A.B. asks: 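I'd like to ask some things about the structure below.
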There are 2 protein chains.
Amino acid sequence: MAGRKNGTLADEGNAPSARQKLLAAGIDLFTTRGYSATSVREIVERAGLTKPALYYHFGSKDGIYLAILQEIERTFAATLADVDTLHGTLREKVERLFLMLFDLFEQNLSAVRFLTAVFWGPPGGAPRYDLETTHRRLVLFVQQLVADSVPDGAMTPAAAHDSALALIGIFSLTVDLEMAHPEWGVGREGLIRLLGLLFEGLDQTSFKENIS
Amino acid sequence: MAGRKNGTLADEGNAPSARQKLLAAGIDLFTTRGYSATSVREIVERAGLTKPALYYHFGSKDGIYLAILQEIERTFAATLADVDTLHGTLREKVERLFLMLFDLFEQNLSAVRFLTAVFWGPPGGAPRYDLETTHRRLVLFVQQLVADSVPDGAMTPAAAHDSALALIGIFSLTVDLEMAHPEWGVGREGLIRLLGLLFEGLDQTSFKENIS
DNA sequence: GTCTATACAATGATAGAC
DNA sequence: GTCTATCATTGTATAGAC
């Protein structure tokens, strides 16, 4: 990974190759129009090339689409590989992990939006691509984080599972908000505040079971 | 609303009209293939009709797509109109509201999946349709619920906002799970458990700030 | 209201020259 | 590796009969 400026999907510096120009045009169009509504003609036009160039490098429309998804996942995976060192209380570890992810996602919002659209999009409208595995890996990682942070017997596996889900729910919401309504976004500070709410409990935070 | 069996998007009983058959075929195909990847030919074939029938009833491909979205939103809005009566503690009110929404969504999972795909889908791939307003309305409703349930001064508006977001985050996660991985879904009971976690706080629930 | 038949543009993909 | 030129197919939409 030496010399590789990672953390963003920005171009590789230097004069972009035809392949890179096609990828850039593709990610742009697939993000804004989706797979089916994007034509090969549009991609090559934006890249300043012609159709045979695309078919030479990627073989098909499916080909460039899948290549783009792999490229995005590769970038995220590279950054996530550095997350191994987390210490402190569970709360400290969770905060650090989620802040890292939040920053990573915020710096690549359009890529995250793309993956989200693929994840929730209709199954038959585009070539199948497995995002479940990565997603599942993240869930299991948080679950393990919780399980490892409590002494044996203090928490059932089911309780650790629930806690991990609640944490992920809070995190997902802050990212979703940043994607769907950047103007309502709560930012890093908001993420920390919401996590605090979960750790301390709504009942304990500012009021005690008041009746309306 | 007399005689109207609401709560689901099932057909209206009796022999379905051409219009209803087209709508049913459309929602099915738009859900599984998406807007752009679905052709008018496919829709009319599945409905057992021909193209001019569709153009007679809906004017265009955009037309039937928008008619479907309106139909779905109308069904949800009709059910949500009954939510005005909530009493008890904040926790009781939130639980009742979210359980109602959870049941409603679970009974119409494919419709919810459709709306989700539209919401997160690429903006240029299909006709624009405003889901933000409904979404915003729900957020404001929960926010108001929180604000109304604490005595004046016990909680700043900002704190009420944060609490509402945390609650919505938990709820959204349970619905997302049900949609994306029904086999991991936590169900109604899981929703209640996760809300309990948020109200009581992770720290209080089963462990006290343990260090790993 | 629903059909048959068709207009006409756009699509994904390729052959073959350079 | 990248081009010009072209293929067969499919797309949305409509005219006109019944």
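Keep in mind the model is a prediction, meaning the values are calculated, not measured. Just the heavy atoms: all of them, side chains too, but no hydrogens, waters or symmetry mates, feed the values below.
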A.B. asks: For B/Tyr35, does the six-membered ring have the charged nitrogen or CZ of B/Lys61 within the cation-pi criterion, i.e. under 6.0 angstrom from the centroid and within 45° of the normal?
C.D. replies: yes
A.B. asks: What's the verdict on ring-ring contact (aromatic ring centres under 6.0 Å, His included) for B/Phe171 and B/Phe102, showing C-alpha distance, side-chain angles and the deciding distance?
C.D. replies: CA-CA 8 Å; B/Phe171 174 70; B/Phe102 186 85; 7.1 Å; no
A.B. asks: May I have all residue pairs that pass salt bridge (charged side-chain N to carboxylate O under 4.0 Å, His left out) and include part of residues 168-192 of chain B, sequence neighbours excluded?
C.D. replies: B/Asp103-B/Arg188
A.B. asks: Between B/Arg91 and B/Glu95, does any side-chain N to carboxylate O distance fall below 4.0 Å?
C.D. replies: yes
A.B. asks: For A/Glu132 and B/His181, does a side-chain donor sit closer than 3.5 Å to a side-chain acceptor?
C.D. replies: yes
A.B. asks: Which letter, B, S or -, goes with each nucleotide of nucleotides 7-13 of chain D from 5' to 3', with contact meaning a protein heavy atom under 4.0 Å?
C.D. replies: ----SBB
A.B. asks: Going by atom types alone, do B/Gln70 and B/Tyr129 pair a side-chain donor with an acceptor below 3.5 Å?
C.D. replies: no
A.B. asks: Can you say whether the rings of B/Phe114 and B/Tyr65 are parallel (under 30°), tilted (30 to 60°) or perpendicular (over 60°)?
C.D. replies: perpendicular
A.B. asks: With heavy atoms of chain B within less than 4.0 Å as the criterion, where does contact along DNA chain C begin and end?
C.D. replies: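 Using the under 4.0 Å cut-off, the span is C/dG1 to C/dT4.
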